[in-house]
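All chains are named by letter (A, B, ...) in the order of the sequence lines, taking the proteins before the strands, and each is independently numbered beginning at 1.
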Protein chains: 2
Amino acid sequence: MAAARTVFGSAGLNASMASVAREAGVGIATLFRHFPRKEDLVAAVFADRMKAYAQATAEALADPDPWHGFTGYIQHVCAMQAADRGFADILTMSFPGAPDIEEYRAQAYEGFLQLIGRAKDSGELREDFTSRDLVLLLMANAGVLSATAEAAPDAWRRLVAWMIQSFRAPARGPLPDPPEDAALYEAMRRAGQGVTSLETGKRR
Amino acid sequence: MAAARTVFGSAGLNASMASVAREAGVGIATLFRHFPRKEDLVAAVFADRMKAYAQATAEALADPDPWHGFTGYIQHVCAMQAADRGFADILTMSFPGAPDIEEYRAQAYEGFLQLIGRAKDSGELREDFTSRDLVLLLMANAGVLSATAEAAPDAWRRLVAWMIQSFRAPARGPLPDPPEDAALYEAMRRAGQGVTSLETGKRR
């Protein structure tokens with residue numbers, strides 16, 4: 001588990017089961033005996049962070065200022081992305097084979113919908129903001145992080161600040177429609193499959 | 001060349017020389033005889049697009065409306081990213097070993113500085129916008145594109161619209177400092193090295 005945390009944290013979920021086994025100093029067969037599918041290892045390693053991610057919405061909802069709660073939540077999640085490349089991957093990938101991960105994701109989603117509702121009711125969040133805009137921001141942030149993590153590790157903060165200022169009401173103009181929920185989920189599912197399917201060829 | 005266009009265009013510059021040779025139906029030795037380093041192949045394949053990229057600033061500067069020229073340029077460049085994954089990589093990577101690519105990039109940079117100056121002079125662009133913010137947007141857009149290109153191919157348009165609306169004056173609040181030029185260049189250089197160094201191990 002510690003080895004997987006190290007490897008996924010620095011290389012992302014694309015890191016192979018073989019590289020985890022190497023870091024742990026065990027054979028690949030031993031690793032697969034404990035975690036028959038890569039999803040199982042990912043779920044075990046990131047369960048605590050997914051739980052924290054789901055709980056972060058509850059903390060943000062406790063903030064008496066709706067806009068501050070909303071923006072603080074976005075900054076918090078993007079900071080979690082910046083702190084761990086494997087977790088950054090999880091946030092923009094879906095793992096239907098890891099129900100624990102998906103259950104926490106669903107909890108975070110429900111909480112985020114409430115944060116959106118409160119911030120719109122207070123008049124501070126643009127009416128055309130949707131939960132899918134956070135997914136787009138997380139994908140965008142992942143792009144900045146993967147390019148700058150070593151050479152300019154704070155660059156992501158500026159991207160997030162630009163986006164949050166744009167989310168603020170009133171609208172400065174119309175926006176193209178966001179992707180449909182189903183299309184965005186499909187993108188996340190494919191990305192998740194991309195990092196797990198090569199590892200478990202025999203079982204699929 | 002056509003094979004490389006196809007392979008890089010769909011898989012990005014991470015695609016190996018071996019996969020280009022396979023697509024072309026030639027041996028890897030033949031490919032390396034024509035293009036001794038991967039940078040040489042990348043430079044040959046993308047010369048026309050880099051030229052168009054450099055020229056796009058001249059076209060945008062011909063727009064009598066400074067803000068329209070500035071935002072049209074950003075949308076145009078992001079659309080070029082969306083159209084070709086290899087080109088998307090080039091925009092956020094530096095290739096010191098491919099002077100033609102870097103010369104076009106320098107031209108585009110000079111033109112973009114003029115676009116920024118015009119849009120600030122007209123009072124429509126925030127004073128704290130810097131050329132590095134376009135690099136951040138290109139990195140962010142690459143993240144959205146790599147996640148959504150197949151399942152939600154227009155998702156990037158919404159990210160770009162959020163960002164452009166945020167760039168518009170007046171400022172809605174302070175921003176964290178952008179990364180230093182040198183740090184951002186270092187990030188781009190490392191990324192470029194990442195996609196070329198594995199291919200030319202003998203020569204480095």
Side-chain angles (χ1 to χ4, degrees), chain A residues 71 81 88-89 92-93 126 128-130 132-133 135-191 194, chain B residues 71 81 88-89 92-93 126 128-130 132-133 135-191 194:
Chain A
T71 59
Q81 268 193 306
D89 283 346
T92 57
M93 296 176 180
R126 285 175 62 150
D128 51 2
F129 180 91
T130 80
R132 288 158 280 167
D133 289 305
V135 179
L136 287 182
L137 173 53
L138 294 174
M139 291 172 169
N141 202 34
V144 169
L145 287 168
S146 82
T148 62
E150 285 162 18
D154 286 325
W156 65 273
R157 297 180 191 275
R158 184 142 165 134
L159 171 78
V160 174
W162 281 119
M163 291 293 281
I164 284 176
Q165 291 187 15
S166 201
F167 296 157
R168 179 140 200 166
R172 293 188 168 189
L175 294 166
D177 285 338
E180 299 290 334
D181 272 321
L184 212 48
Y185 174 74
E186 175 63 13
M188 292 174 67
R189 196 191 60 76
R190 285 188 195 202
Chain B
T71 59
Q81 268 193 307
D89 282 346
T92 57
M93 294 176 182
R126 284 175 64 151
D128 52 0
F129 180 92
T130 80
R132 286 158 281 168
D133 289 304
V135 179
L136 287 182
L137 173 53
L138 294 173
M139 290 170 170
N141 200 35
V144 169
L145 287 168
S146 81
T148 61
E150 286 162 17
D154 286 324
W156 66 273
R157 297 180 190 277
R158 183 139 165 135
L159 171 77
V160 173
W162 281 119
M163 290 292 281
I164 284 176
Q165 291 187 15
S166 201
F167 296 157
R168 180 140 200 166
R172 293 188 168 191
L175 294 166
D177 286 338
E180 300 289 333
D181 273 320
L184 211 48
Y185 174 75
E186 175 63 14
M188 292 174 67
R189 195 191 61 75
R190 284 188 197 203

Please test B/Phe167 against A/Trp162 for side chain to side chain contact (heavy atoms under 4.5 Å, CB included), starting from the C-alpha separation and ending with a verdict.
CA-CA 8 Å; B/Phe167 296 157; A/Trp162 281 119; 3.5 Å; yes
Name the option with the most non-hydrogen atom pairs under 4.5 Å to chain A; the candidates are B/Gly173, B/Ala191, B/Pro179.
B/Gly173
Measuring heavy-atom distances to chain A, does B/Ala147 have an atom under 4.5 Å in its side chain, in its backbone, in both, or in neither?
both
If you count heavy-atom pairs within less than 4.5 Å of chain A, which of B/Ala187, B/Ala183, B/Pro176 leads?
B/Pro176
Minimum heavy-atom distance B/Pro174-A/Gln165, with the two atoms named
O-NE2, 2.9 Å
Portion of B/Arg126 that has a non-hydrogen atom of chain A nearer than 4.5 angstrom
side chain
Proximity breakdown for B/Tyr185 and chain A, heavy-atom pairs closer than 4.5 Å
neither
Tell me, for A/Ala142 versus chain B, whether the close heavy atoms (under 4.5 Å) come from the side chain, the backbone, both or neither.
neither
Could you pull out the closest heavy-atom pair between A/Arg158 and B/Asp128, with the gap in Å?
NH2-O, 2.6 Å
For A/Asp89, is it the side chain, the backbone, both, or neither that has a heavy atom closer than 4.5 Å to a heavy atom of chain B?
neither
Please classify the contact of A/Thr148 with chain B as side chain, backbone, both or neither, using a heavy-atom distance under 4.5 Å.
both
Considering only heavy atoms and a distance below 4.5 Å, find which of A/Ala155, A/Gly143, A/Pro178 pairs most often with chain B.
A/Pro178
If you apply the rule side chain to side chain contact (heavy atoms under 4.5 Å, CB included), what do you find for A/Arg157 with B/Leu175, and how did you get there?
CA-CA 9 Å; A/Arg157 297 180 191 275; B/Leu175 294 166; over 6 Å; no
Could you note down all residue pairs passing salt bridge (Lys or Arg N to Asp or Glu O under 4.0 Å) where residues 159-179 of chain A supplies at least one of them, sequence neighbours left out?
A/Glu124-A/Arg168
Looking only at B/Val135, B/Asp133, B/Leu137, B/Leu145, the option with the highest number of non-hydrogen pairs under 4.5 Å against chain A is B/Asp133
Can you tell which of A/Ala151, A/Pro153, A/Ala152, A/Ala161 has the highest number of heavy-atom pairs within less than 4.5 Å of chain B?
A/Ala151
So do the side chains of B/Asn141 and A/Met139 get within less than 4.5 Å of each other, counting heavy atoms only?
no
Sorted by chain and residue number, the salt bridge (Lys or Arg N to Asp or Glu O under 4.0 Å) partners of B/Arg190 (sequence neighbours excluded) come out as A/Glu150, B/Glu186
Pick whichever of B/Thr92, B/Val160, B/Val144, B/Leu159 has the most heavy-atom pairs under 4.5 Å with chain A.
B/Val144
